[in-house]
Amino acid sequence: MGNPDTLLPMDGDEAHGSPRLRRGGRVHATNEGDVMNPSCIFCEIVRGVAPAFKVYEDEHTLTFMDAFPVTDGHTLVVTKAHCTDLFDASPPLLQAVMATAKRVAHALREVVRPDGLMVFQLNGAAAGQTVFHYHMHLMPRTSGEPLMLHSRSAGDPGRLRALATALSAAMPHA
Ligand code: 5GP
Ligand code: ZN
């Protein structure tokens, strides 16, 4: 999808770009499109250093189960390259995330059969963002359930594994 150069996090706007990309040495690229932050939990999951119940992976995105699911099937789609938020991510990378999110949404509808599906993405601590690596939430919703963005309870590993396996099998073709 597109020129890999354009899929890197944006680094052009001195006034509004990501401070992480300018803090010397904290973010590094080993290959084109392979931008990592060594202190970032989602970079560790992308690198396979930290565990996650993975659903799907392609060149630019990784999908895995949220470890603290608010609802059954709560899934995250992250960029493989480290970028902080909407302001930091390049438009082609955002497109890649949305294209994956649509496919995961279809898989969630088939596997979880929720009443609805909430898709959201938080930018900055003031907006509730807690992991500063760009990601999109897909949260199946049941009618009448209270609206929450986060949970403090870890998901049952057996359930998360089963969901990841079922969602992976239900992913429609691109
Ligand atoms: P945010 O608040 O940044 O939009 O969402 C971060 C999400 O990442 C939360 O829903 C939180 O439960 C999830 N999360 C935090 N740490 C981990 C982790 O180590 N593994 C996984 N799979 N999810 C995590
Ligand atoms: Zn990261």
Side-chain angles (χ1 to χ4, degrees), residues 7-11 17-57 59-90 93-94 96-98 100-101 104-105 107-108 112 114 117-141 145-168:
L7 291 159
L8 290 167
M10 294 179 90
D11 198 12
S18 162
R20 284 188 186 205
L21 286 174
R22 263 169 221 91
R23 232 175 269 150
R26 291 205 55 209
V27 177
H28 61 272
T30 50
N31 293 305
E32 252 182 339
D34 180 18
V35 181
M36 297 290 169
N37 180 329
S39 60
C40 168
I41 180 63
F42 286 180
C43 282
E44 289 190 349
I45 290 173
V46 168
R47 275 166 42 223
V49 176
F53 293 106
K54 294 181 185 172
V55 172
Y56 171 78
E57 156 165 33
E59 192 182 354
H60 299 295
T61 70
L62 178 68
T63 301
F64 52 86
M65 306 312 299
D66 196 299
F68 304 88
V70 174
T71 65
D72 193 48
H74 184 177
T75 305
L76 302 174
V77 181
V78 314
T79 54
K80 280 190 169 175
H82 181 88
C83 41
T84 314
D85 55 24
L86 180 67
F87 303 104
D88 195 23
S90 68
L93 210 43
L94 297 172
V97 169
M98 187 50 91
T100 296
V104 177
L108 280 167
V112 179
L117 179 68
M118 196 159 97
V119 178
F120 68 96
Q121 185 269 313
L122 309 172
N123 299 282
Q129 186 177 8
T130 57
V131 176
F132 295 89
H133 174 130
Y134 184 85
H135 58 279
M136 188 161 283
H137 296 255
L138 287 94
M139 193 186 285
R141 305 267 319 149
E145 255 178 4
L147 266 177
M148 288 193 326
L149 296 181
H150 296 105
S151 165
R152 291 208 179 113
S153 310
D156 171 62
R159 179 61 184 158
L160 296 182
R161 180 180 289 108
L163 278 165
T165 303
L167 290 170
S168 188

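Counting convention: from 1, in listed order, for ligands and their atoms alike. All values derive from a computational prediction rather than experimental measurement.
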query: Do you know which two heavy atoms are closest between Met118 and Met148, and how far apart they sit?
result: CE-O, 4.2 Å
query: Which heavy-atom pair separates Cys83 from Leu93 by the least distance, and what is that distance?
result: SG-CD2, 4.0 Å
- prompt: Less than 4.5 Å apart, any side-chain heavy atom of Leu167 and any of Tyr56?
  reply: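 Counting from C-beta outward, Leu167 and Tyr56 never come under 4.5 Å.
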message: What I'd like to find out is whether the side chain of Phe42 reaches to under 4.5 Å of the side chain of Leu62, using heavy atoms alone.
response: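 In short, these two side chains do not touch, never coming nearer than 4.5 Å.
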field: Of all N/O/S atoms in His82, the name of the one nearest the Zn ion (ligand 2)
entry: ND1
- request: Taking the Zn ion (ligand 2) as the reference point, name the nearest N/O/S atom of His133.
  value: ND1
message: Just checking: Cys40, one of its N/O/S atoms, less than 2.8 Å away from the Zn ion (ligand 2), yes or no?
response: yes
task: Sequence neighbours left out, what passes salt bridge (charged side-chain N to carboxylate O under 4.0 Å, His left out) with Arg159? Give chain and number order.
output: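 Listed in chain order: Asp72.
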- prompt: Under the 3.5 angstrom rule, does the side chain of Gln129 hit a backbone N or O of Thr84 as a donor-acceptor pair?
  reply: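 Side chain of Gln129 to backbone of Thr84, a donor-acceptor pair under 3.5 Å: yes, one is there.
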task: For the pair Asn37 (side chain) and His82 (backbone), establish whether a donor and an acceptor sit closer than 3.5 Å, ignoring hydrogens and angles.
output: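 Between the backbone of His82 and the side chain of Asn37 there is no qualifying donor-acceptor contact (under 3.5 Å).
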- request: Using a strict cut-off of under 4.0 Å between a residue heavy atom and any atom of ligand 1, list the qualifying protein residues by chain and number.
  value: Ile41, Phe42, Ile45, Phe64, Met65, Asp66, Ala67, Phe68, His74, Leu76, Leu122, Gly128, Gln129, Thr130, Val131, His135, His137, His150
